[in-house]
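Below is one structure, written out as structure tokens, with a few remarks after it.
Not measured: the values here are computed from a predicted model.
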Amino acid sequence: MESRNSQLLREMFDLLLGHFGPQNWWPGDTGLEMMVGAVLTQNTNWKNVQKAIENLKQKNLLSLEALKALSLEELAREIRPSGYYNIKAKRLRNLLGFLADRYEADLEQFLEDTTEALREGLLSVNGIGPETADSILLYAAQRPIFVIDTYTHRILYRHGMIGEEAGYYELQDLFMDHLPADPGFFNEFHALIVRLGKEYCRKVPRCDVCPLLQWGPMPPDSNTA
DNA sequence: CACCAGGCAAGTA
DNA sequence: TACTTGCATGGT
């Protein structure tokens with residue numbers, strides 16, 4: 001019995017794909033664009049991130065050389081629409097420094113490294129946590145890593161598949177231990193989860209009963225007044 | 001007007 | 001170790 005979780009997750013994916021269709025997420029043109037997007041989207045609507053990225057693109061600043069040449073103030077001004085622009089400018093700067101130190105500022109070199117080394121390195125950068133690191137691994141480097149976010153936690157919790165206190169890696173293992181390691185599949189699944197979260201699985205008290213996935217109980221969030 | 005968004009780090013006890 | 005707070009714009 002290839003575990004009940006495996007069945008649930010596959011059923012979940014089929015329902016979501018059938019209902020929403022393919023999401024075609026992260027249509028970033030380059031690896032660098034997706035890495036920058038991964039940082040800029042921290043706790044931020046993707047639409048705001050697009051504006052920031054568009055600013056960089058229009059001024060031909062979306063390259064390692066051009067970004068490195070910008071002062072922190074200039075960089076912050078360009079990414080202003082993405083919010084938290086001062087701290088995100090620093091974080092992008094930290095990421096650029098990491099690429100320079102470890103990979104000679106060569107994205108090809110970066111993308112050839114092992115998944116384990118990349119992940120460990122990315123997590124050592126101030127401003128890059130588990131989700132940002134995994135987003136870069138999945139989208140930019142196309143590694144079979146499942147990205148966990150707040151929606152994933154909320155949805156699985158409300159459907160009784162995890163405890164409320166479950167951590168990032170507990171959730172990630174749930175997906176990665178029970179599903180085939182396919183980057184395209186992980187990409188689509190994560191995008192569909194976010195889509196479901198946005199439309200149906202919001203915070204209490206604006207939480208509706210999910211119309212798609214009704215196989216489990218749906219407890220409220222205890223820590224949201 | 002309030003609330004939220006593909007998080008993370010620093011400060012506090 | 002376990003909470004709490006700062007970061008900030010733009011859309012509903």
Test side chain to side chain contact (heavy atoms under 4.5 Å, CB included) applied to A:Arg102 - qualifying residues, sequence neighbours left out: A:Phe98, A:Ser124

Could you pull out the protein-nucleic contacts involving nucleotides 10-13 of chain B (nitrogen or oxygen on both sides, under 3.5 Å)?
residue, atom, partner, partner atom, Å
B:dA10, OP1, A:Asn126, ND2, 2.9

Those residues that, when tested against A:Arg119, pass salt bridge (Lys or Arg N to Asp or Glu O under 4.0 Å) (two or more places apart): A:Asp134

Any pair counted as side-chain hydrogen bond (donor to acceptor under 3.5 Å, both in side chains), so long as it reaches residues 14-23 of chain A, sequence neighbours left out: A:Gln23-A:Arg195

Inter- and intrachain pairs under ring-ring contact (aromatic ring centres under 6.0 Å, His included), touching residues 114-149 of chain A, at least two apart: A:Trp26-A:Tyr139, A:Phe146-A:Phe175, A:Phe146-A:Phe186, A:Phe146-A:Phe189

Distance below 4.0 Å between A:Asn43 side-chain N/O and B:dC4 OP1 or OP2: no

Sugar-phosphate, base or nothing in reach of A:Thr152, heavy atoms under 4.0 Å: nothing

Below 3.5 Å is the cut-off: list the nitrogen or oxygen pairs between protein and nucleotides 10-12 of chain C, distance only.
residue, atom, partner, partner atom, Å
C:dG10, O4', A:Asn48, OD1, 3.4
C:dG10, O4', A:Asn48, ND2, 3.0
C:dG11, OP1, A:Lys51, NZ, 2.5

Residues forming a salt bridge (Lys or Arg N to Asp or Glu O under 4.0 Å) with A:Lys51, sequence neighbours excluded: none

Qualifying residues under side chain to side chain contact (heavy atoms under 4.5 Å, CB included), relative to A:Ser63, sequence neighbours excluded: A:Glu65, A:Ala66

Separation of atom CD in A:Glu165 from atom C1' in C:dT1, rounded to whole Å: 16 Å

A:Thr44 vs B:dG7: side-chain N/O to OP1/OP2 distance below 4.0 Å: no

Interatomic distance, A:Arg91 CZ vs B:dC8 C1' [rounded to whole Å]: 4 Å

Listed pairs under 3.5 Å, donor-acceptor, residues 109-118 of chain A side chains, sequence neighbours left out:
residue, atom, partner, partner atom, Å
A:Gln109, NE2, A:Glu104, OE1, 3.2
A:Asp113, OD2, A:Tyr103, OH, 2.6
A:Thr114, OG1, A:Ala117, N, 3.1
A:Thr115, OG1, A:Arg143, NH1, 2.9

Centroid distance under 5.5 Å and plane angle under 30°, A:Trp25 vs B:dG6: yes

Sugar-phosphate only, base, or nothing, as touched by A:Ser135 at under 4.0 Å among non-hydrogen atoms: nothing

N or O in side chain of A:Thr132 less than 4.0 angstrom from B:dC8 OP1/OP2: yes

Residue-phosphate contact under 4.0 Å: A:Lys198 side-chain N/O, B:dG6 OP1/OP2: yes

